[in-house]
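Have a look at the structure below, then the notes.
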Protein chains: 2
Amino acid sequence: MANKTVIKILSDNNLKITPQRTAVLEVLMGLDNHPSAENIAEYLRMNFPHIPLATVYKILDVFVDKGIIKKVQTDNNQMRYDFVTENHHHLYCPEKELIEDYYDKELEELISSHLAKKTIPNFRIKDIQLQIIGEFINENK
Amino acid sequence: MANKTVIKILSDNNLKITPQRTAVLEVLMGLDNHPSAENIAEYLRMNFPHIPLATVYKILDVFVDKGIIKKVQTDNNQMRYDFVTENHHHLYCPEKELIEDYYDKELEELISSHLAKKTIPNFRIKDIQLQIIGEFINENK
DNA sequence: ATAATTGCAAAAGCTTTGCATGGCC
DNA sequence: GGCCATGCAAAGCTTTTGCAATTAT
């Protein structure tokens, strides 16, 4: 039986509770890897040996639609997915294809208050994504 | 005969000067559209009716390697390309698939001085990309 | 019961690769 | 002349689509 939090998230979003959905959501909540659809499928195969990738994609699409998760773009045209917790940004290392969360409340505040003052003409801001691109050093990753 | 600036950029980067390369670079410098490879090919076809997409991709790869242009990612897994001028960020409207440059020196300064103070452990910053996601309103676009 | 979700197979879309031909330095 | 870039065709990968079968409410 699946975890209560997961079930609550699904029902709060008016989504039918299926074993596949709870499994996908559990994987996403358990990883901070920003997994790709394929990565997620690998984990799922522990419980669902034959789950089709297409199903994973369909589930991910629904979750993105509902705002439960976010798509994170990399520069090698593969989407990666991120369970939405609090606002955060990303450290991205193209070389090693690593994405790590970067929490920085102060920076968050700085940017959003700046943009609140500025107001960009003809544009309504929905979200702000900061990608700090660089290189992880010395961290056996 | 191609534009002098274009030729200088290519030779400064130790790239052989070919008609295809100068044409691609001219297109990129002329557009502020953040075109996809396909978009670029469309423009090129005015002068090279049969240029293969593969060639365009190869040229774009070389330019990205040299830092002449940047890849910009969207959320529909198609790469788009941006001639590198000064530092700027992007307004991105997923709905209309529009990307617009956003110049804001003050914000630039705010972020980079903040990150200079902070120093993120085990990470060497190479670049900062801010995507402001939202919706263009009332601007017949 | 019925509307939504899953599974499967096939297709679509973007991008890359390999190799022969041709062009730049 | 030597090496790099181009052109072409084919393949590769990720993601999407359609539809029948199954399942949740």
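Quantities reported herein were computed from a predicted structural model and do not represent experimental measurements.
Distance check, rounded to the nearest 0.5 Å: CZ of B:R124 to CD1 of A:I132 gives 14.5 Å. Atom OG1 in A:T74 sits 4.0 Å away from atom CG in A:N76 (nearest 0.5 Å).
The two residues B:L28 and B:F83 make their nearest non-hydrogen contact at O-CB, 3.7 Å. Residues B:A37 and B:V56 come closest through the heavy atom pair O-CG1, 4.0 Å. Contact record, B:Q129 with B:K71: OE1-O, 4.3 Å, taken as the closest heavy-atom pair. B:Q73 and B:Q131 get closest at one heavy-atom pair: O-NE2, 3.3 Å.
Contacts between residues 56-69 of chain B and DNA chain D, counted as heavy-atom distances below 4.0 Å, involve B:K58, B:I59. Of the residues in residues 42-54 of chain B, those lying under 4.0 Å from DNA chain D by heavy-atom distance are B:H50, B:I51, B:P52, B:A54.
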So which protein N/O to nucleotides 1-4 of chain D N/O distances come out below 3.5 Å?
{"unit_1": "D:dC4", "atom_1": "O4'", "unit_2": "B:K16", "atom_2": "NZ", "d": "2.8"}

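Shown here are the side-chain contact (heavy atoms from CB on, under 4.5 Å) partners of B:T5, two or more places apart in sequence or in another chain: B:N3, B:I9, B:M29. Listed by chain and residue number, A:D104, A:E106 satisfy the salt bridge (charged side-chain N to carboxylate O under 4.0 Å, His left out) test with B:K118 (two or more places apart in sequence, or in another chain). Residues that satisfy the side-chain contact (heavy atoms from CB on, under 4.5 Å) test with B:N14, not counting sequence neighbours, are absent from this structure. With sequence neighbours excluded, no residue forms a salt bridge (charged side-chain N to carboxylate O under 4.0 Å, His left out) with B:K16. Listed by chain and number, the residues in a side-chain hydrogen bond (donor to acceptor under 3.5 Å, both in side chains) with B:T55 amount to none (sequence neighbours excluded). Not counting sequence neighbours, B:D61 has no partner by the salt bridge (charged side-chain N to carboxylate O under 4.0 Å, His left out) test.
In this structure, the NZ atom of A:K71 is 11 Å from the C1' atom of D:dT14, given to the nearest Å. The nearest whole Å value for the distance from the CD1 atom in A:I40 to the P atom in D:dT15 is 10 Å. Put simply, CE on B:M79 is 12 Å from C1' on D:dT14, counting in whole angstrom units. Atom CG of A:D75 and atom C1' of C:dC14 are 15 Å apart (whole Å). For the pair B:N14 CG and D:dA5 P, the interatomic distance rounds to 11 Å; values are reported in whole Å. Atom CG of B:L10 and atom C1' of C:dC24 are 13 Å apart (whole Å). Remark: C1' of C:dA12 and CG of B:N76 are 14 Å apart, rounded to the nearest angstrom.
Two end axes, each from the C1' atoms of five base pairs, can be drawn for the helix from C:dA1-D:dT25 to C:dC25-D:dG1; they diverge by 40°, to 10 degrees.
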Would you be so kind as to tabulate the donor-acceptor pairs closer than 3.5 Å made by side chains of residues 87-94 of chain A, with sequence neighbours excluded?
{"unit_1": "A:N87", "atom_1": "ND2", "unit_2": "A:E108", "atom_2": "OE2", "d": "3.4"}
{"unit_1": "A:H88", "atom_1": "ND1", "unit_2": "A:E86", "atom_2": "O", "d": "2.8"}
{"unit_1": "A:H88", "atom_1": "NE2", "unit_2": "A:D82", "atom_2": "OD2", "d": "3.0"}
{"unit_1": "A:H88", "atom_1": "NE2", "unit_2": "A:H90", "atom_2": "NE2", "d": "3.4"}
{"unit_1": "A:H88", "atom_1": "NE2", "unit_2": "A:D101", "atom_2": "OD1", "d": "3.1"}
{"unit_1": "A:H89", "atom_1": "ND1", "unit_2": "A:L130", "atom_2": "N", "d": "3.2"}
{"unit_1": "A:H89", "atom_1": "NE2", "unit_2": "A:E108", "atom_2": "OE1", "d": "2.9"}
{"unit_1": "A:H90", "atom_1": "NE2", "unit_2": "A:H34", "atom_2": "NE2", "d": "3.3"}
{"unit_1": "A:H90", "atom_1": "NE2", "unit_2": "A:D82", "atom_2": "OD2", "d": "2.9"}
{"unit_1": "A:H90", "atom_1": "NE2", "unit_2": "A:D101", "atom_2": "OD1", "d": "3.4"}
{"unit_1": "A:Y92", "atom_1": "OH", "unit_2": "A:D75", "atom_2": "N", "d": "3.3"}
{"unit_1": "A:Y92", "atom_1": "OH", "unit_2": "A:D75", "atom_2": "OD1", "d": "2.9"}

For residues 39-53 of chain B, which side-chain donor-acceptor pairs fall under 3.5 Å, sequence neighbours excluded?
{"unit_1": "B:N39", "atom_1": "OD1", "unit_2": "B:S36", "atom_2": "N", "d": "2.9"}
{"unit_1": "B:N39", "atom_1": "OD1", "unit_2": "B:S36", "atom_2": "OG", "d": "3.0"}

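Both B:L15 and B:Q78 lie close to DNA chain C; mapped to their nearest nucleotides by heavy-atom distance, the more 5′-ward contact belongs to B:Q78. Each of B:T18 and A:E38 has a nearest nucleotide on DNA chain D; the 5'-most of these lies closest to B:T18.
Residue B:Q20 has a polar side-chain atom (N or O) positioned under 4.0 Å from OP1 or OP2 of D:dG7. Between A:T55 and C:dG7 there is a side-chain N or O to OP1 or OP2 distance below 4.0 Å.
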